[in-house]
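Here the structure is laid out as structure tokens; the discussion comes afterwards.
Keep in mind it's a predicted model, so treat the numbers as computed, not measured.
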Amino acid sequence: MALAGVLVGVLIGVTGFKGDRAASPGATVTQTVPATPGEKAPAPSPSSATRGALGFGEDWRFTSSDPAKAFEAGVTVLGYREGFTSVGNASEEAGEPGYVWAYADLRLCVTKGSFTDSTTSWTLYYSDGSRVQRSGTTYGDFPKPEYPVEVTVTAGKCARGKLVFAVPDGKRPQSVLFAPEGVAEPREWAVPKG
């Protein structure tokens with residue numbers, strides 16, 4: 001009977017594991033810094049300062065709270081663009097008319113250890129509370145380089161690319177959200193008015 005209890009405990013531990021996500025079980029924020037050493041961070045717009053959102057190019061630094069998987073990383077949104085054309089149709093992906101393609105230009109860098117990120121960490125947030133997840137498809141003519149679907153970045157390395165979304169035409173997102181597994185609160189970058 002004791003052996004059965006141990007086996008059940010082991011199985012629960014194994015099935016609860018969701019891969020080698022360096023951020024698990026948690027991450028803590030250390031500071032917001034310029035995107036690259038020596039570069040001056042852009043001043044946040046008044047609207048982003050009141051919401052607590054970062055401006056494009058501002059790097060958000062976070063670290064692991066698990067000493068067994070220690071890492072230090074920084075992430076930023078470098079830009080946002082909507083309305084590019086593709087062989088694929090954004091409205092078809094969204095399942096209703098009135099959608100266009102957009103992308104966020106993202107960069108993740110690690111200074112210590114390693115961190116695994118995926119495209120599911122990123123969403124667009126709209127002022128009415130709606131959120132748009134990244135495109136479930138990719139076409140050869142999507143803007144390059146594309147942000148990797150899943151990537152493990154090691155110390156001294158970065159991952160950068162464009163992540164595509166099908167968005168409602170004429171309705172600009174308020175911010176780009178980053179919410180990787182293990183981070184308690186999402187971090188956001190304000191999207192400037194078009």
Side-chain angles (χ1 to χ4, degrees), residues 21 23 26-36 39-63 73-84 90-91 93-96 98-110 115-138 142-143 145-151 153 158-194:
R21 292 293 300 236
T28 56
V29 177
T30 55
Q31 61 184 330
T32 301
V33 297
T36 57
E39 179 182 322
K40 184 178 177 186
S45 66
S47 61
S48 71
T50 58
R51 291 191 313 265
L54 298 171
F56 286 174
E58 287 184 279
D59 204 22
W60 179 59
R61 298 279 174 108
F62 58 107
T63 61
V75 65
T76 189
V77 176
L78 298 168
Y80 173 84
R81 179 178 170 226
E82 60 186 56
F84 69 88
S91 291
E93 171 149 336
E96 60 184 84
Y99 278 73
V100 297
W101 293 117
Y103 69 78
D105 189 0
L106 312 171
R107 183 178 63 210
L108 166 71
C109 295
V110 175
F115 178 76
T116 300
D117 188 29
S118 73
T119 55
T120 59
S121 298
W122 298 92
T123 56
L124 299 179
Y125 176 78
Y126 289 81
S127 60
D128 65 1
S130 61
R131 295 180 187 215
V132 173
Q133 295 183 350
R134 53 102 173 125
S135 171
T137 59
T138 185
F142 272 2
E146 292 182 52
Y147 193 77
V149 172
E150 183 169 293
V151 63
V153 181
C158 296
R160 180 179 176 181
K162 296 170 176 72
L163 185 58
V164 174
F165 301 84
V167 300
D169 192 14
K171 185 178 174 188
R172 198 155 174 91
Q174 181 175 313
S175 59
V176 179
L177 293 178
F178 176 64
E181 184 177 318
V183 173
E185 273 187 49
R187 194 61 189 165
E188 65 181 310
W189 286 260
V191 174
K193 304 260 186 233

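For Ala190 against Ala53, the heavy-atom pair with the smallest separation is N-CB, 3.7 Å. The shortest heavy-atom contact between Arg187 and Gly52 is NH2-O, 3.6 Å. Here the shortest heavy-atom pairing between Gly83 and Val100 reads N-CG2, 4.3 Å. Nearest heavy-atom pair, Ala166 versus Val132, reported as atom, atom and distance to 0.1 Å: O-CG1, 3.3 Å. The nearest pair of heavy atoms linking Val176 to Val191 is CG2-CG2, 3.9 Å. Across Gly136 and Glu93, no two heavy atoms sit closer than the pair N-OE2, 2.8 Å.
Contacts of Tyr103 classified as ring-ring contact (aromatic ring centres under 6.0 Å, His included), with partners at least two apart in sequence or in another chain: Phe84. Ser130 is linked by a side chain to side chain contact (heavy atoms under 4.5 Å, CB included) to Tyr126, Asp128, Lys171, counting only residues two or more places apart in sequence or in another chain. Qualifying side-chain hydrogen bond (donor to acceptor under 3.5 Å, both in side chains) partners for Ser91, counting only residues two or more places apart in sequence or in other chains: none. Partners of Glu146 under the side chain to side chain contact (heavy atoms under 4.5 Å, CB included) rule, at least two apart in sequence or in another chain, are Thr138, Phe142, Lys144. Residues satisfying the side-chain hydrogen bond (donor to acceptor under 3.5 Å, both in side chains) test with Thr119, not counting sequence neighbours, are Arg134.
By the 4.5 Å heavy-atom criterion applied to side chains, Glu82 and Arg172 are counted as neighbours. Residues Ser118 and Glu181 form no side-chain contact, since every pair of their non-hydrogen atoms from C-beta on lies 4.5 Å or further apart. In this structure the side chain of Phe56 never reaches within 4.5 angstrom of the side chain of Asp105, judged on heavy atoms. You'll find the side chain of Trp101 reaches within 4.5 Å of the side chain of Ser135, heavy atoms only. Between Arg160 and Leu78, some side-chain heavy-atom pair lies under the 4.5 Å cut-off. Proximity of Trp189 to Leu106: side-chain heavy atoms (C-beta onward) are nowhere separated by under 4.5 Å. Contact of the Val167 side chain with the Tyr80 side chain is registered, since non-hydrogen atoms from C-beta on lie closer than 4.5 Å. Taking the side chain as every heavy atom from C-beta outward, Trp60 and Glu58 never approach each other to under 4.5 Å.
Distance check: Glu188 CD to Thr123 OG1 gives 9.5 Å after rounding to the nearest 0.5 Å. Distance check: Leu163 CG to Gln133 CD gives 10.5 Å after rounding to the nearest 0.5 Å. Taking CH2 of Trp122 as the reference point, atom CG of Asp117 lies at 7.0 Å (rounded to 0.5 Å). Here the straight-line distance linking atom CZ of Arg81 with atom NZ of Lys162 works out to 10.0 Å at 0.5 Å rounding. Here Thr76 contributes atom OG1 and Asp59 contributes atom CG; the two are 5.5 Å apart, rounded to the nearest 0.5 Å.
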- Task: Evaluate the criterion side chain to side chain contact (heavy atoms under 4.5 Å, CB included) for residue pair Val77 and Phe178; output intermediate values, then yes/no.
- Result: CA-CA 9 Å; Val77 176; Phe178 176 64; over 6 Å; no

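Pairs of residues two or more places apart, or lying in two chains, that qualify as disulfide (SG to SG under 2.5 Å) and include a residue from residues 158-194 are Cys109-Cys158.
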